[in-house]
There are 4 protein chains.
Amino acid sequence: MPRISEQRRAAQRQRILDAAMASFEKAGPDGASMQDIIAESGMSAGAIYRYFDSKEAIIEAVATERHEHEKALLADAMTVGFPDGLRQFMNAYFDWVADPAEAQRRRVAVHIWARAQHDERLRQIVTEGLAPLKDVASVLADAPLPAGVDPDMFARVLLAVIQGFLLQRSWEPDLDPQKYRDTVNSLLHLLNRS
Amino acid sequence: MPRISEQRRAAQRQRILDAAMASFEKAGPDGASMQDIIAESGMSAGAIYRYFDSKEAIIEAVATERHEHEKALLADAMTVGFPDGLRQFMNAYFDWVADPAEAQRRRVAVHIWARAQHDERLRQIVTEGLAPLKDVASVLADAPLPAGVDPDMFARVLLAVIQGFLLQRSWEPDLDPQKYRDTVNSLLHLLNRS
Amino acid sequence: MPRISEQRRAAQRQRILDAAMASFEKAGPDGASMQDIIAESGMSAGAIYRYFDSKEAIIEAVATERHEHEKALLADAMTVGFPDGLRQFMNAYFDWVADPAEAQRRRVAVHIWARAQHDERLRQIVTEGLAPLKDVASVLADAPLPAGVDPDMFARVLLAVIQGFLLQRSWEPDLDPQKYRDTVNSLLHLLNRS
Amino acid sequence: MPRISEQRRAAQRQRILDAAMASFEKAGPDGASMQDIIAESGMSAGAIYRYFDSKEAIIEAVATERHEHEKALLADAMTVGFPDGLRQFMNAYFDWVADPAEAQRRRVAVHIWARAQHDERLRQIVTEGLAPLKDVASVLADAPLPAGVDPDMFARVLLAVIQGFLLQRSWEPDLDPQKYRDTVNSLLHLLNRS
DNA sequence: TATGAATGAGCGTTCATTCAT
DNA sequence: TATGAATGAACGCTCATTCAT
């Protein structure tokens with residue numbers, strides 16, 4: 001009975017997602033055609049549609065994959081308190097932002113962000129990916145923050161610091177992540193002294 | 001010998017760009033068809049192609065318009081020194097980020113950002129729009145910054161703080177700009193005490 | 001201004017419908033592809049979609065055209081009473097069934113009939129095309145019909161006599177319409193004597 | 001050396017034909033996909049192709065089945081002479097037309113009729129199904145028919161009366177078969193008096 | 001024998017762009 | 001100058017059929 005194993009099924013799915021990532025990186029989800037994904041994956045049109053209902057479903061799976069990756073990344077950063085958990089949170093992100101192997105994912109992320117503005121399903125996936133913010137905020141709530149600093153908003157500032165850098169580096173690949181990271185860390189040290 | 005006045009030509013151009021912005025806001029530049037822009041502008045297909053060579057040219061013009069707007073916005077914020085110029089720089093941006101009339105432009109900006117990753121012309125327009133960073137950095141270079149804080153990178157952090165918020169609010173329109181702004185300002189106050 | 005005249009628009013529409021009829025005759029609406037209609041019409045894909053929203057819309061237009069033709073055909077047959085109006089009704093149909101120029105339309109009609117079973121819009125078009133039955137029935141209602149003969153059902157019998165022959169001749173083109181018609185007329189004469 | 005018994009083979013074949021009938025009834029042979037038939041039968045794609053060479057072969061088998069059914073139906077109606085054999089012929093048909101259990105077969109029949117116009121094999125099956133006409137005609141040939149009534153053509157009229165009603169009822173399921181039948185029988189009684 | 005994953009040609013339709021009027 | 005009808009390549013997707021297991 002040729003019913004394929006769960007393992008093979010997962011591998012084929014991943015093959016498609018990898019091909020989609022590669023295609024999306026080059027031209028964005030709209031610029032990449034199904035033919036591109038088909039060629040990149042080495043599979044046939046029909047085969048791909050056994051794993052995903054539509055191109056849209058592939059885009060959503062790519063978005064989901066990215067956020068699962070992100071959540072796993074941050075899961076254990078949140079196990080320690082302020083200010084060490086905070087530092088780990090930022091470091092986990094910065095490691096991702098600096099990792100050459102993740103360049104593709106970062107570039108595709110920007111397309112997902114743009115698309116999430118119109119696509120309700122994608123918007124949900126993206127905002128659910130913002131969940132770690134809650135954890136960061138609850139850690140910050142117990143910390144001696146300067147007056148006027150809201151824990152929720154501070155968490156968003158930290159995320160923005162990452163997102164903005166990811167964006168800037170997507171246009172200027174030569175931007176040095178280490179220098180940026182050092183500056184951010186130096187700024188965060190001001191908190192300890194307050 | 002221009003058959004139509006320069007003034008009329010500019011007005012027609014603007015009409016197309018406004019229609020494009022409206023169309024792009026709804027579905028992004030890829031999701032919006034030339035037919036959408038044609039319908040929204042009330043002009044004919046042929047007429048539009050007298051003002052712009054291609055859809056791509058319209059997208060570039062939209063991107064350029066946005067960055068000219070941005071530059072004008074920041075031009076006079078840079079006339080005073082640290083820390084007042086810095087505050088004005090941030091306030092100018094925050095006013096834009098909070099202005100309901102600018103919602104359309106902000107949403108389209110995210111698409112431009114994504115597209116700039118692949119489109120060289122767009123990338124140049126976007127990175128040229130980053131010019132104010134240089135001015136901010138040169139102001140910061142003369143300021144008594146904490147140890148380890150690079151002026152160029154600090155300027156990027158400030159930009160990131162805006163960009164990230166713009167992004168987050170594009171997915172969660174209810175996010176309160178005032179609360180975010182207050183937290184950012186409170187954090188920046190730490191600099192004065194250092 | 002190249003906005004085409006109403007006349008040209010109607011001509012183009014007809015060109016598409018004629019091409020569709022020719023294509024449908026050869027292979028039925030499902031067997032004929034849009035490419036067939038495009039080739040047959042000598043128009044481009046895009047042009048056709050300016051006149052019809054979809055292939056389905058073309059099929060509906062073909063069905064509508066056929067029934068408008070039919071209604072016009074029967075309109076004046078109904079101006080006289082029994083038994084002359086009845087004879088004219090049948091003759092009008094028989095002339096159509098025997099007319100070589102109408103062979104295409106007859107063959108396509110059978111496909112429309114089949115399709116009308118599932119397609120609600122088509123079903124409405126087809127059943128509205130049955131309207132003449134009401135007129136025939138009302139003429140028959142005033143006639144001295146034999147006992148047990150319901151005017152509505154008799155009208156349906158008459159229609160069935162046509163439909164069935166159309167069907168039989170679609171499989172056996174050599175069937176002689178004249179012989180069939182003579183036999184039907186002879187049978188109808190029995191009514192006069194009753 | 002058949003690995004499976006002839007009996008099982010026939011049962012499997014029937015299972016496929018039943019699934020095909022059910023699928024064709026819903027959407028016609030073109031609207032129904034092999035996947036539909038596969039799902040409806042509970043068999044696998046590969047299994048079905050061991051019993052039928054192609055979808056076309058299934059359609060032909062469905063058509064053949066229908067006409068075998070029809071022939072069996074009429075076989076013994078033809079054992080008696082005019083006018084009783086005639087009445088039995090019509091009654092056998094009318095029973096089929098009124099039988100709710102045969103609704104599926106009737107609806108599919110219309111599709112077969114349409115398709116038989118282009119498909120030579122189907123046309124042969126359908127015209128061979130018209131064989132009873134010959135028997136009816138030969139019975140009628142010995143009967144005292146009114147002047148101008150050709151036995152062959154009269155047989156066709158009788159068939160048309162059935163076919164047309166089947167068609168009309170496929171669009172208007174509420175049509176009362178009994179009323180139609182009564183009217184037809186009343187009309188046929190005129191023959192006795194002539 | 002039976003399975004269902006895989007194939008890839010072909011489907012209906014859309015789109016940015018052109019050009020006769 | 002302006003119009004919008006026309007183009008035709010390319011799109012996302014489905015399908016009957018095959019064949020490795």
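Since the model is a prediction, treat every value here as computed from it, not as a measurement. To find a chain, count down the sequence lines: A is the first, B the second, and so on, and within it residues start at 1.
By the side-chain hydrogen bond (donor to acceptor under 3.5 Å, both in side chains) test, Ser33(B) is found to be paired with Asp36(B), residues two or more places apart in sequence or in another chain being considered. Residues passing the side-chain hydrogen bond (donor to acceptor under 3.5 Å, both in side chains) test with Arg13(D): none are found, sequence neighbours excluded.
Around atom CD of Glu6(C), no more than 12 heavy atoms belonging to other residues, nucleotides or ligands sit under 6.0 Å away. Other residues, nucleotides and ligands place more than 12 heavy atoms under 6.0 Å from the CD atom of Glu120(C). More than 12 heavy-atom neighbours from other residues, nucleotides or ligands sit within 6.0 angstrom of CZ on Arg123(D). More than 12 heavy atoms of other residues, nucleotides or ligands shown are found within 6.0 angstrom of CZ on Arg15(C).
Within the structure, the salt bridge (Lys or Arg N to Asp or Glu O under 4.0 Å) test picks out the following pairs touching residues 18-35 of chain C (sequence neighbours left out): Glu25(C)-Arg107(C), Lys26(C)-Glu40(C), Asp30(C)-Arg115(C).
At least one side-chain nitrogen or oxygen of Arg8(C) sits closer than 4.0 Å to the OP1 or OP2 atom of dA6(F). Distances shown here put every side-chain N or O of Tyr49(C) at or beyond 4.0 Å from the OP1 or OP2 atom of dA6(F).
Between the side chain of Trp113(D) and the main chain of Val126(D), no donor-acceptor pair closer than 3.5 Å is present. Judged by distance alone, the side chain of Gln124(B) and the main-chain N or O of Arg121(B) form no donor-acceptor pair under 3.5 Å.
In this structure, Ile59(A) atom CD1 and dG12(F) atom C1' are separated by 11 Å, rounded to whole Å. Separating the CZ atom of Arg15(B) from the C1' atom of dA2(F) is a distance of 12 Å, rounded to the nearest angstrom. For the pair Ile48(B) CD1 and dA2(F) P, the computed distance is 12 Å after rounding to whole Å. Atoms CD1 (Ile58(A)) and C1' (dG12(F)) sit 10 Å apart, rounded to a whole Å. To the nearest angstrom, P of dT18(E) lies 15 Å from NZ of Lys55(B). Taking atom CE on Met43(A) and atom C1' on dA6(E), their separation rounds to 8 Å, with Å as the unit. In this structure, Ile4(C) places its CD1 atom 13 Å from P of dT21(E), rounding to the nearest Å. Atom P of nucleotide dG8(E) and atom CD1 of Ile38(A) are separated by 11 Å, given to the nearest angstrom.
Scanning residues 24-31 of chain A for heavy-atom distances under 4.0 Å to DNA chain F yields an empty list.
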Look for any protein N or O under 3.5 Å of an N or O in nucleotides 8-10 of chain F and output each such pair with its distance, or none.
from   : atom 1 : to       : atom 2 : distance (Å)
dG8(F) : O6     : Gly46(C) : N      : 3.2

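Atom CG of Leu17(D) and atom OG1 of Thr64(D) lie 9.0 Å apart (nearest 0.5 Å). Atoms CD1 and CD1, from Ile125(D) and Ile112(D) in turn, are 8.0 Å apart once rounded to the nearest 0.5 Å.
Residue Phe52(C) is out of contact with every strand shown, counting any heavy-atom pair closer than 4.0 Å. Nucleic acid contact for Ala32(A): sugar-phosphate only, since backbone atoms but no base atoms lie under 4.0 Å from a heavy atom of the residue.
Remark: the His111(C) side chain and the His111(D) side chain contain no N/O donor-acceptor pair separated by less than 3.5 Å.
Listed nucleotides: dC13(F), dA6(E), dT17(F). Nearest to the side chain of Ser54(A): dC13(F).
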Reading DNA chain F 5' to 3', how would its secondary structure be written in dot-bracket notation, given Watson-Crick and G-U pairs with both distances under 3.5 Å, brackets [ ] for crossing pairs and | for partners on other strands? .||||||||||||||||||||
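Between Gly42(A) and Glu56(B), the one whose closest nucleotide on DNA chain E sits nearer the 5' end is Gly42(A).
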